[in-house]
Amino acid sequence: MKSIQLGTIKLAYQDQGTGPVVVLLHGYPLDSRMWEPQIEALSKSCRVIAPDLRGFGQSSQSSEDATNGVSMSQYAADVAELLAAISVTEPVILCGFSMGGYILWQFLRQFPERVKAIVPCDTRAIADSAEARQGRLKTAGEVMKSGVEPIITAMLPKLLSEATRHSRLDIVAALTAIMNGCSPAAIAASLRGMADRPDVTADLPKITQPALVLVGAEDVISSPDEMRGIAEKLPDAEFVEIPAAGHMTTLENPAAVNAALLDFIKRQS
Ligand code: MLT
């Protein structure tokens, strides 16, 4: 893990391999370790950069972030600043998983010329409903008092398919360890940011970069139907449904995710 000081925050990131640059943005409440199988496979032929987003993993956040929230565009700006600081000037292949996908849309809005191709993975284009938004803000307040345990209990059944939960205890343990490592302040900050994220559906037909849209066949957070709808609105998109996976495709079926990614990346050169 490397790290760099960006203003008041320290941003930690993995940076492995050489070749076309692939940037992997993790979801909530996670860190760059959710991409371990992809970092290993892709770094044989690509330069893979996977940051721990502000506050998560080994990255720090500002003292006011937990109460003010961190917007998806702020996370995107952090990633752009990181790329500039480590002299990545070529347009990148940007992969965003779930919350990382919300950040991907904002990165595209702010820095379209810095993106060569996109991989929205198990993510959504719409904003939260009023009810979901209220729920997030309530949880953001609670996590500062009760810690991450209730979040893990609530999230596990949504993140993993039933089969993974019952027969792949190694994946359950790895995912639980990643979530356990998240600070309540980072969780509160991102919950407030996600609650305020805009609906980007109207952006989709204007996105000119080639896209690979990935989704777990049993994803209950961003369903295959919803993600097929995203792919249909993007002018140049391929849609791949990952079998035997819920929301956490990268960990539940890494072989299928890696194969789809490697095939797509090869065709972008
Ligand atoms: C994620 O995996 O990043 C979250 O489930 C996204 C969300 O809560 O909307």
Side-chain angles (χ1 to χ4, degrees), residues 23-36 38 50-57 59 69-76 79 94-107 119-140 142-143 148 150-161 164-165 171-172 174-184 186-201 213-216 218-224 226-227 230 242 245-253 257:
V23 177
L24 306 175
L25 305 179
H26 67 76
Y28 155 94
L30 303 165
D31 64 36
S32 61
R33 288 175 293 167
M34 65 150 281
W35 295 108
E36 274 322 335
Q38 288 68 45
D52 281 346
L53 295 164
R54 175 186 281 249
F56 290 95
S59 293
V70 175
S71 66
M72 300 300 107
S73 49
Q74 177 62 61
Y75 288 120
V79 174
L94 188 60
C95 310
F97 171 86
S98 204
M99 180 179 80
Y102 309 156
I103 299 166
L104 176 155
W105 305 130
Q106 296 309 313
F107 193 99
V119 185
C121 181
D122 299 277
T123 193
R124 317 187 76 182
I126 57 171
D128 279 353
S129 65
E131 193 189 348
R133 184 172 185 279
Q134 284 315 313
R136 287 211 207 258
L137 297 177
K138 185 163 171 267
T139 308
E142 286 167 358
V143 69
V148 299
I151 307 248
I152 297 178
T153 309
M155 286 301 285
L156 266 180
K158 294 191 222 161
L159 293 176
L160 298 173
S161 75
T164 306
R165 284 204 310 282
I171 295 177
V172 176
L175 185 61
T176 304
I178 297 174
M179 290 197 280
N180 247 322
C182 294
S183 77
I187 290 178
S190 59
L191 282 168
R192 294 185 194 286
M194 286 193 285
D196 281 345
R197 76 184 192 280
D199 184 329
V200 299
T201 308
V213 176
L214 291 181
V215 66
E218 294 158 59
D219 190 338
V220 293
I221 295 179
S222 40
S223 72
E226 186 174 336
M227 290 219 70
I230 291 177
I242 303 294
H247 189 59
M248 288 303 316
T249 43
T250 63
L251 296 174
E252 293 183 83
N253 195 343
V257 170

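Residues: numbered from 1 along the sequence shown. The basis for the numbers below is simple: all heavy atoms, side chains too, and nothing from hydrogens, waters or symmetry mates. Counting starts at 1 for both ligands and their atoms, following the listed order.
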To the nearest 0.5 Å, atom CZ of Arg133 lies from atom CZ of Arg192 at 10.0 Å
Supply the atom-to-atom distance Glu226 CD to Ile126 CD1, rounded to the nearest 0.5 angstrom. 4.5 Å
Pairs of donor and acceptor atoms involving the side chains of residues 23-30, under 3.5 Å and at least two apart or interchain, shall be tabulated with distances.
from, atom 1, to, atom 2, distance (Å)
His26, ND1, Leu30, O, 3.4
His26, NE2, Leu53, N, 2.9

Within the structure provided, determine whether Met194 and Met72 are in side-chain contact (heavy-atom separation under 4.5 Å). yes
Taking it one step at a time, do Phe97 and Gln38 satisfy side chain to side chain contact (heavy atoms under 4.5 Å, CB included)? CA-CA 12 Å; Phe97 171 86; Gln38 288 68 45; over 6 Å; no
Distance filter under 4.0 Å, heavy atoms only, around ligand 1 gives Gly27, Tyr28, Phe97, Ser98, Met99, Tyr102, Arg136, Met155, Met194, Ile221, His247
Is a side-chain donor or acceptor of Trp105 paired with a backbone partner of Thr201 at a separation under 3.5 angstrom? no
